[in-house]
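Notes for the one structure printed next.
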Amino acid sequence: MSIKLLPLEISARIAAGEVIERPVSVVKELIENSLDANATKIKITLGNGGMDFIEISDDGIGIPSDEVKLVFDRFATSKIEHINDLDNISSLGFRGEAVFSIAAISRVELISKTKESDIGTKIVVQDGEFLSQSPVAANTGTIFKVIGLFHNFPARRKFLRSPLSESRRILSLIKKYSMIRPDVSFEYHQLNSKSFVTSGSGDIRDVMREIYGRDISNDMLKIDPLESDELYPRTYVEGIISNPTQNKSNRAHINLFVNGRLIQNKTLSYSFEQSYHGFIAEKKFPFGVLNISIPFDEVDVNVHPTKTEVLFHKENLIFSLIQKTIRNLLLNKMPVLDVTFNDKNIPIGSNEASSENIYSMNRNFSENPSFDLTDRIGSSGIDDSYTPKNVLPLLRVIGQISNTYIICEGPESLYVIDQHAAHERVIFENVIDRHEKNDPNIQTLLEPILVDLDDIQMEIVEKSEKIFDILGMDIKPFGDNTYIIRSIPHVLSTQNPIQAFKNMISVLEEGKHFETWEEKAAYSIACHGAIRAGKHLSLLEMETLIKQLENCRQPSNCPHGRPTLFSIDNANLAKRFRRT
Ligand code: ADP
Ligand code: MG
């Protein structure tokens, strides 16, 4: 093929493909345009998750009627003029390609009016083609209506999720913008969905109250920026963050901004998380909003068309400024208690040690009781041998130690069995067995229960449909961020169903690899369904458990790969304890 310039139709589609990935991208670009136009009120209305239409109206400065048509040209912008402006971008937009891209793949109806003008202008553009322009009565500000997004772009349409899932992304984005701009009132509506409205009072706590509720909002910590010093000239960290007793099970609620621009940056996100080190339990995450206020020429926002990736001239300095600011705040507000742990006051691997208690740091202990036991046997001089067997011989239960291990006598060895891991294994096998027989063991709840989930949890649930199917669980989406549960696996029936469901999600979130869906499903309930270490068991309970374990196909390892049992063979025992 010879070289030729692509026709506009194709180049527009290529540009659109970069900027507009899904409906939420349209919302992002248009909200940013409204903010750049100094809007104090932004209203977003969706039809069918944004797939049918997205309407965004603002009370910003509007577009003069003789410029309205220009907005649809590629690289048409009012925000920069000179090449040097690129080094000093204070507006959210500057590339002049968002409206152009959106109009290439939808029908756009735009109405706008400036304060100076008495009458507004309406313009309609479809698939990049200008259709009409006419005067209309309008308020000062701008209304964009984007209809039938991707209707001429089937390749992209195919990648869209359900309308519910698309509108969830959009709502989550609107919440982020409302956090960084508490001075702007945001309004979100969609038929049959809960609306979201912020007052625009300027108080970040008011916004947090809408998102997380009054109690959480009141207890969050507002960051007072540190005095700027030579090390970080004119650079500040501002925002509002969780206190150490508040936390989330994933990173979904960490919102980072640079000069009011929403960004994604793993390094800085990690810096934020790390600031809580020692304040919150492992695998728990802080949440909140951080805005890094930095001279415009110290950050390059012109990295990617979506503008969420930015380059800092001195990223490591910002990394340490975040830590310094947040640790300073946490230390002031939350003096760390001086707590020491030993195995006397916290039972090995007990619920307490792994609970959400912020001061429980007894990690090695709670996570790996088995290894700890080896240590102790080792240090007492016994030549212990960890001998996983594929088949367990018949065992006689002798008793329980530390409310954690079951001691059994076998034909050739003494067995020390981790009760939690053993029960986990039993549940695991049971689920797979039941599934093979097409007979899941479920408990129907007397009354269905509603569970609110965050965005990451929602995604996991969506991806794990098959798992819930295998387990016979009846869970269905019920509104934007809510699921309704009608039944749960029997082994979880003694637990609070909401917590049980959330625990399953967090186990699935670990993303542990299993060969089959059945194994994944079994794993998701085994750990939290199993009896905990620290629980006293009666002889009968122990015997029942051991009998079930003997029937397992591979009794030696729990799904976590933790050894279920140790055996010390009789010859060894005799050697150690022989009379001298
Ligand atoms: P950019 O934001 O990068 O300049 P866009 O394609 O998003 O490019 O928008 C093009 C131009 O249209 C903007 O520079 C601005 O002048 C005008 N514009 C778009 N949306 C609005 C709005 N809501 N209010 C006022 N002007 C707007
Ligand atoms: Mg823009």
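Indexing begins at 1, ligand by ligand and atom by atom, following the structure's order.
For the Mg ion (ligand 2), protein N/O/S neighbours under 2.8 Å (waters excluded) are N33 OD1.
Salt-bridge check for R107 with E109: passed, with a basic side-chain N closer than 4.0 Å to an acidic carboxylate O. Salt bridge R161/E166: absent, no basic N to carboxylate O contact under 4.0 Å. A salt bridge is defined here as a Lys NZ or Arg NE, NH1 or NH2 lying under 4.0 Å from an Asp or Glu carboxylate O, and D469 with K466 fails to meet this definition.
Proximity of the aromatic rings of F272 and F287 is defined here by a centroid distance below 6.0 angstrom, and this criterion is not met.
Under the 4.5 Å side-chain criterion, counting only non-hydrogen atoms from C-beta, T235 is in contact with P295.
Here L290 contributes atom CG and I223 contributes atom CD1; the two are 5.0 Å apart, rounded to the nearest 0.5 Å.
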Please tabulate, line by line, the atom pairs linking an N/O of ligand 1 to a protein N/O at a distance below 3.5 Å, with the distance in Å to 0.1, or answer 'none'.
| unit_1 | atom_1 | unit_2 | atom_2 | d |
| --- | --- | --- | --- | --- |
| ligand 1 | 2 (O) | N33 | OD1 | 2.9 |
| ligand 1 | 2 (O) | K79 | NZ | 2.7 |
| ligand 1 | 3 (O) | F94 | N | 2.9 |
| ligand 1 | 3 (O) | R95 | N | 3.0 |
| ligand 1 | 3 (O) | G96 | N | 2.7 |
| ligand 1 | 4 (O) | T77 | OG1 | 2.5 |
| ligand 1 | 6 (O) | A98 | N | 3.2 |
| ligand 1 | 6 (O) | V99 | N | 2.9 |
| ligand 1 | 7 (O) | N33 | OD1 | 3.0 |
| ligand 1 | 7 (O) | N33 | ND2 | 2.8 |
| ligand 1 | 8 (O) | G96 | N | 3.4 |
| ligand 1 | 14 (O) | T77 | OG1 | 3.3 |
| ligand 1 | 14 (O) | S78 | N | 3.0 |
| ligand 1 | 14 (O) | S78 | OG | 3.2 |
| ligand 1 | 16 (O) | S78 | OG | 2.5 |
| ligand 1 | 20 (N) | N33 | ND2 | 3.4 |
| ligand 1 | 23 (N) | D58 | OD2 | 2.9 |
| ligand 1 | 24 (N) | T142 | OG1 | 3.3 |

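Y177 and F257 have perpendicular rings, their planes meeting at more than 60° on a 0 to 90° scale where under 30° would count as parallel. Between F72 and F144, the two ring planes are tilted [angle within 30° to 60°].
For the side chain to side chain contact (heavy atoms under 4.5 Å, CB included) with D127, the lone residue among N152, V108, I105 that qualifies is N152.
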